[in-house]
Amino acid sequence: MARVRRALPRPRAAARFLRLLERRLQRLEAVASGADAKSLLLGPRDEARARRFLAARRDAWDDGDETLVRAYLDGWTRPGEDKSRAAVRRLADAARALAALEVRPQTLWFFLWEMESILRGLRRARASKP
């Protein structure tokens, strides 16, 4: 979180996004540790807020940022493993690894964009289940 806050030109203007991100990361960790995946679903307003905030930074990252992030996010799912839980675990692992590496702000923006995309996909998949 501190890394994202430092990467912002005006952290006060992004206070709502930072609070949302903090909740999102806490829930990722909880689900990766075994909590119910429903706790990831924050609702359409929060999702829209995150997408708007990150869309403004969409042109900041490059292929190198994408390659680094995808190295953490793209992985095999073991036979019998729940695909949603595996995706959440990879997100949580990537968040910790990227924070430890102290990557460029552009890499963070791409990771957060991908995180929102993955979570949106999980929400839609969950909603379409009978």
Side-chain angles (χ1 to χ4, degrees):
M1 273 303 297
R3 183 89 175 126
V4 173
R5 188 174 282 112
R6 283 193 308 267
L8 292 168
R10 297 178 323 176
R12 291 180 149 228
R16 284 187 193 162
F17 173 76
L18 290 171
R19 285 192 302 273
L20 170 64
L21 178 59
E22 188 168 7
R23 286 194 320 269
R24 194 66 111 187
L25 293 172
Q26 288 170 349
R27 290 175 182 187
L28 269 178
E29 287 293 341
V31 172
S33 297
D36 183 12
K38 286 181 187 176
S39 67
L40 281 174
L41 308 178
L42 294 175
R45 287 180 63 187
D46 287 332
E47 185 178 294
R49 174 175 290 128
R51 298 297 281 187
R52 259 192 324 275
F53 180 85
L54 294 167
R57 287 147 183 83
R58 195 167 181 190
D59 293 331
W61 56 76
D62 61 28
D63 290 346
D65 300 310
E66 292 183 24
T67 300
L68 177 60
V69 169
R70 288 188 195 285
Y72 287 101
L73 297 181
D74 295 344
W76 296 97
T77 303
R78 294 179 205 106
E81 184 178 25
D82 179 83
K83 291 179 184 182
S84 296
R85 189 164 302 280
V88 169
R89 190 172 42 257
R90 282 193 297 269
L91 282 170
D93 291 346
R96 285 190 301 275
L98 294 171
L101 289 173
E102 296 189 20
V103 296
R104 302 173 344 130
Q106 296 87 338
T107 307
L108 292 174
W109 303 140
F110 180 71
F111 167 71
L112 295 172
W113 180 264
E114 283 297 291
M115 179 180 77
E116 290 302 322
S117 297
I118 291 168
L119 293 175
R120 174 186 275 178
L122 293 174
R123 182 177 60 79
R124 287 182 176 165
R126 187 174 200 78
S128 69
K129 285 186 180 179

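- With sequence neighbours excluded, no residue forms a salt bridge (Lys or Arg N to Asp or Glu O under 4.0 Å) with R51.
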Start with the C-alpha gap between D62 and F110, add the side-chain angles, then the distance that decides, and say whether side-chain contact (heavy atoms from CB on, under 4.5 Å) holds. CA-CA 9 Å; D62 61 28; F110 180 71; over 6 Å; no

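- Take R52 and apply the side chain to side chain contact (heavy atoms under 4.5 Å, CB included) test, not counting sequence neighbours, and it matches A48, R49.
- Considering only heavy atoms from C-beta on, F111 comes within 4.5 Å of L73 through its side chain.
- Counting only heavy atoms from C-beta outward, the side chains of L112 and F17 approach each other to under 4.5 Å.
- Note that CG of L28 and CZ of R90 are 12.5 Å apart. Values are rounded to the nearest 0.5 Å.
- The side-chain hydrogen bond (donor to acceptor under 3.5 Å, both in side chains) check on E116 picks up R24, with sequence neighbours excluded.
- Taking E66 as the reference, W61 meet the side-chain hydrogen bond (donor to acceptor under 3.5 Å, both in side chains) condition, with sequence neighbours excluded.
- Atom CG of D59 has 12 or fewer heavy atoms from other residues, nucleotides or ligands within 6.0 Å.
- Between the side chain of R85 and the backbone N or O of V31 there is at least one donor-acceptor pair closer than 3.5 Å.
- Partners of R45 under the salt bridge (Lys or Arg N to Asp or Glu O under 4.0 Å) rule, at least two apart in sequence or in another chain, do not exist in this structure.
- By the side-chain hydrogen bond (donor to acceptor under 3.5 Å, both in side chains) test, T77 is found to be paired with no residue, residues two or more places apart in sequence or in another chain being considered.
- With rounding to the nearest 0.5 angstrom, the CZ atom of R104 is 4.0 Å from the CG atom of D65.
- Between the CZ atom of R19 and the CG atom of D46 there is a distance of 10.5 Å, given to the nearest 0.5 Å.
- In terms of the side-chain hydrogen bond (donor to acceptor under 3.5 Å, both in side chains) criterion, residue partners of R96 (sequence neighbours excluded) are, by chain and number, E29, D93.
- You'll find the side chain of M115 stays beyond 4.5 Å of the side chain of I118, heavy atoms only.
- Residues satisfying the salt bridge (Lys or Arg N to Asp or Glu O under 4.0 Å) test with R58, not counting sequence neighbours, are none.
- Rounded to the nearest 0.5 angstrom, L68 CG and L101 CG are separated by 6.5 Å.
- Using a 4.5 Å heavy-atom cutoff, the side chains of W109 and F53 are in contact.
- Using a 4.5 Å heavy-atom cutoff, the side chains of L119 and L91 are in contact.
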